[in-house]
Amino acid sequence: MGKILILPGDGIGKEITGESLKIINYFKENINIDIEIEKDLFGGVSIDKNGEPLTRSVLDKAMDSDAVLLGAVGGPKWENIDHNLKPEKGLLMLRKELETFANLRPGKVFQALIDASSLKKEVVKNTDILVVRELTGGIYFGEPRYLKKINEKKVGVNTLVYDEDEIRRVAQVAFEIARKRKKKVTSLDKANVLEVMQLWRDVVSEVHETKFKDVELEHLYIDNAAMQIIKRPSTFDVILAGNLFGDIISDEIAELIGSLGMLPSASLGVNKAIYEPAGGSAPDIAGQNTANPIGSIMSLAMLFKYSLNLDNIHDLIETSISITLDDGIRTNDINKDGKAKMVVSCNQMGDEILKKIDEIKSKFI
Ligand code: NAD
């Protein structure tokens, strides 16, 4: 039914994807979900063995899979090598080859961790935002781009460019997802100053008018949005943004949630997708079995939802995480207030979540 390629990568990548793999194996063995799994090297570990972060053979396997579950790449060992051979380059190549144009980053506040947010409890309560960020266009890719001396003066240039098709396809993803959630899309732009953002606003409105009138659409200028998200986070549902604004706003929303280790992400293409936690390879805690695997396990939940259409499995995993946190079980990174009933290792957190999945599965399946 589904083919998943697991690329643990470097640092804590191996530890956290190990916990997600435990959960996949549980579903395979206990509820007969038909999933084929392959695992391979990616990032720094692939450089060590093959001389490059992403080999042709791994790319072919990714192309042949329904989804890729990734850990993280990079680390001090590979910091000083040629830029084109760096682990992070493999990540960019993979996203480009799979044409994953829509990046999804949920910002859902778990009740049990509400104190970890830098905002007041009553403001952040019930916040459940999903950012849909355009990932393969905009100012990060636009041409011309350069940094050079012109008439003895240094000049830097980047180009913010979108065509209507690029905007339309990502807007469509945002509206389709909103339809399954609280039916609201907030689109961010700077249409008052930038022509390309006027096009953004026009195309988003057109997609709304022609296909998604049952979903509420709100347009906000990015500067106003940055304020409103802090002021009234729980009133947002799906936030749609271009590459640059989406990058910034999704980190702002991450801060509402508490820890980087909690945050999943999905990058969707037409028939391909990459799922990975938002954090990096965390060299400072790698190999210690203390990393928080929840970002990876939540990424797996998204994989079940968006690539395998198993919304019930997504909900089962998310609810199990929520109950585990309610029980006061925490990894180090989410125990800054010292209020955990039990501080657990990466392995133990995976086991605890799996225990809850087993206990409550009949309500979802
Ligand atoms: P990082 O995200 O790896 O770590 C930042 C801080 O967050 C660290 O203190 C780390 O311990 C903590 N952290 C991150 N994930 C955690 C988890 N699951 N559980 C507990 N704590 C967690 O960022 P960095 O230190 O700037 O980068 C380290 C390496 O990772 C670099 O080589 C960087 O290029 C790479 N990186 C990779 C990705 C990716 O693979 N998508 C993303 C960001 C950074």
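As the structure is a prediction and not an experimental result, all values here were calculated from the model. All ligand and atom numbering here is 1-based and tracks the order in the structure. We use all heavy atoms of the structure for the numbers below, so side chains are in, but hydrogens, waters and symmetry mates are not.
Residues lining ligand 1 at a heavy-atom distance below 4.0 Å are given as I12, A72, V73, G74, G75, E88, L91, L260, G261, E276, G279, G280, S281, A282, P283, D284, I285, A291, N292, D333, ordered by chain and residue number.
In the hydrophobic clustering (ILVMFWY side chains linked at under 4.5 Å, chained through shared members), V68 is joined by L5, L7, F42, L54, V58, L59, M63, L70, V73, L91, M93, L94, L98, I274. Taking Ile, Leu, Val, Met, Phe, Trp and Tyr as members and joining any whose side-chain heavy atoms lie under 4.5 Å apart, directly or through other members, V343 forms no hydrophobic cluster with any other residue. L135 belongs to no multi-residue hydrophobic cluster, having no ILVMFWY side-chain contact under 4.5 Å with any other such residue.
A donor-acceptor contact under 3.5 angstrom links the side chains of Y140 and D247, judged on distance only. There is a side-chain donor-acceptor pair under 3.5 Å between E218 and T186.
No donor-acceptor pair closer than 3.5 Å links the side chain of D66 to the backbone N or O of S307.
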